[in-house]
Amino acid sequence: MTAKISYDDVEVGTELPAQSFPVTRDTLVRYAGASGDFNPIHWNEKFAVEVGLPDVIAHGMFTMAEAIRVVTDWLGDPGAVVEYGVRFTRPVVVPNDDKGATIEVSAKVAAKLDDGRVRVDLLAKSAEQKVLGMSRAVVRLA
């Protein structure tokens, strides 16, 4: 596969379609099984509170993976992501209720680079708070 977006059709400031990703306790248990990360802060409310957290929190790598979906969905090819990095600034707190939490992600093209690449800056929030800092991806366009 190759990216479906043309380098020539993109300008600095181009906004990618924003997306919201629901996160429930069930989501976290499934992710724990897939990733092998069974740290109890991600599924055991009593333990999470005992170690100073407000409640169970989503896995950082899960949050990071959900955020980059905005970019890979826009590209049409996850293999077009050349670099991706974030700083974890706040946890995504996932209450044990019918709603859980939501990760809201927006992104825009921040720079056009050489060799058909662009840098995309992402903004990921949950409960109106930024949960990822310095969230940036470099992608190769068609």
Side-chain angles (χ1 to χ4, degrees), residues 1-45 47-49 51-142:
M1 291 180 75
T2 60
K4 297 177 182 178
I5 307 295
S6 169
Y7 180 83
D8 295 330
D9 293 339
V10 173
E11 298 299 327
V12 170
T14 298
E15 293 187 16
L16 284 60
Q19 294 187 53
S20 295
F21 304 100
V23 186
T24 64
R25 296 281 178 95
D26 181 64
T27 308
L28 299 181
V29 170
R30 291 172 187 269
Y31 181 81
S35 69
D37 181 354
F38 293 101
N39 186 324
I41 65 173
H42 303 303
W43 57 270
N44 184 317
E45 185 174 335
F47 182 84
V49 170
V51 298
L53 295 168
D55 205 333
V56 165
I57 63 170
H59 302 72
M61 296 303 286
F62 172 81
T63 304
M64 188 177 176
E66 290 292 80
I68 196 65
R69 287 176 56 190
V70 168
V71 177
T72 58
D73 288 354
W74 175 66
L75 291 169
D77 177 13
V81 176
V82 177
E83 297 174 27
Y84 178 45
V86 306
R87 288 189 182 164
F88 301 106
T89 56
R90 283 193 170 82
V92 174
V93 178
V94 183
N96 191 18
D97 60 18
D98 293 338
K99 296 187 297 185
T102 302
I103 302 169
E104 297 180 19
V105 183
S106 59
K108 67 180 177 179
V109 174
K112 290 186 85 167
L113 309 171
D114 60 351
D115 198 25
R117 298 174 304 136
V118 299
R119 189 187 87 215
V120 177
D121 289 354
L122 297 93
L123 174 62
K125 294 173 119 183
S126 183
E128 301 296 322
Q129 294 192 352
K130 190 174 175 181
V131 295
L132 298 177
M134 299 295 291
S135 184
R136 296 179 172 171
V138 174
V139 300
R140 186 173 320 280
L141 301 180

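What you are looking at is a predicted structure, and each value in this text was computed from that prediction instead of being measured. Below, each value reflects all heavy atoms present in this structure, side chains not excepted, and no hydrogens, waters or symmetry copies.
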Taking all non-hydrogen atoms of both residues into account, name the closest pair between [X] and [Y] and its distance.
{"X": "T14", "Y": "E11", "result": "OG1-O, 2.7 Å"}
{"X": "A110", "Y": "V12", "result": "O-CG1, 3.6 Å"}
{"X": "V105", "Y": "A124", "result": "CG2-CB, 4.2 Å"}
{"X": "A67", "Y": "Y84", "result": "CB-OH, 3.6 Å"}
{"X": "S126", "Y": "A101", "result": "OG-CB, 4.2 Å"}
{"X": "A3", "Y": "L141", "result": "CB-CA, 4.0 Å"}

Between [atom1] on residue [X] and [atom2] on residue [Y], distance to nearest 0.5 Å:
{"X": "M61", "Y": "S35", "atom1": "CE", "atom2": "OG", "result": "9.5 Å"}
{"X": "D37", "Y": "H42", "atom1": "CG", "atom2": "NE2", "result": "4.5 Å"}
{"X": "R25", "Y": "D97", "atom1": "CZ", "atom2": "CG", "result": "8.5 Å"}
{"X": "E128", "Y": "E104", "atom1": "CD", "atom2": "CD", "result": "6.5 Å"}
{"X": "T89", "Y": "Q129", "atom1": "OG1", "atom2": "CD", "result": "8.5 Å"}
{"X": "T24", "Y": "K99", "atom1": "OG1", "atom2": "NZ", "result": "13.5 Å"}

Is there side-chain contact between [X] and [Y], with heavy atoms separated by less than 4.5 Å?
{"X": "F21", "Y": "T102", "answer": "no"}
{"X": "V56", "Y": "N96", "answer": "no"}
{"X": "W74", "Y": "V109", "answer": "yes"}
{"X": "V94", "Y": "D55", "answer": "no"}
{"X": "I57", "Y": "L28", "answer": "no"}
{"X": "L132", "Y": "E66", "answer": "no"}
{"X": "M64", "Y": "I68", "answer": "no"}

Please state whether the rings of F62 and Y31 are parallel, tilted or perpendicular, taking 30° and 60° as the class boundaries.
perpendicular
Under 4.0 Å between a side-chain nitrogen and a carboxylate oxygen: does that hold for D77 and K4?
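So D77 does not pair with K4 through a salt bridge.
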So does Y7 get a backbone contact from the side chain of K112, meaning a donor-acceptor N/O pair under 3.5 Å?
yes
Are any side-chain N or O atoms of D115 and backbone N or O atoms of R117, one a donor and one an acceptor, separated by less than 3.5 Å?
no
Verify side chain to side chain donor-acceptor pair (under 3.5 Å) between Q19 and D73, making sure each step is shown before the conclusion.
CA-CA 10 Å; Q19 294 187 53; D73 288 354; 3.0 Å; yes
Crowded around K108 NZ? As in, over 12 foreign heavy atoms under 6.0 Å?
no
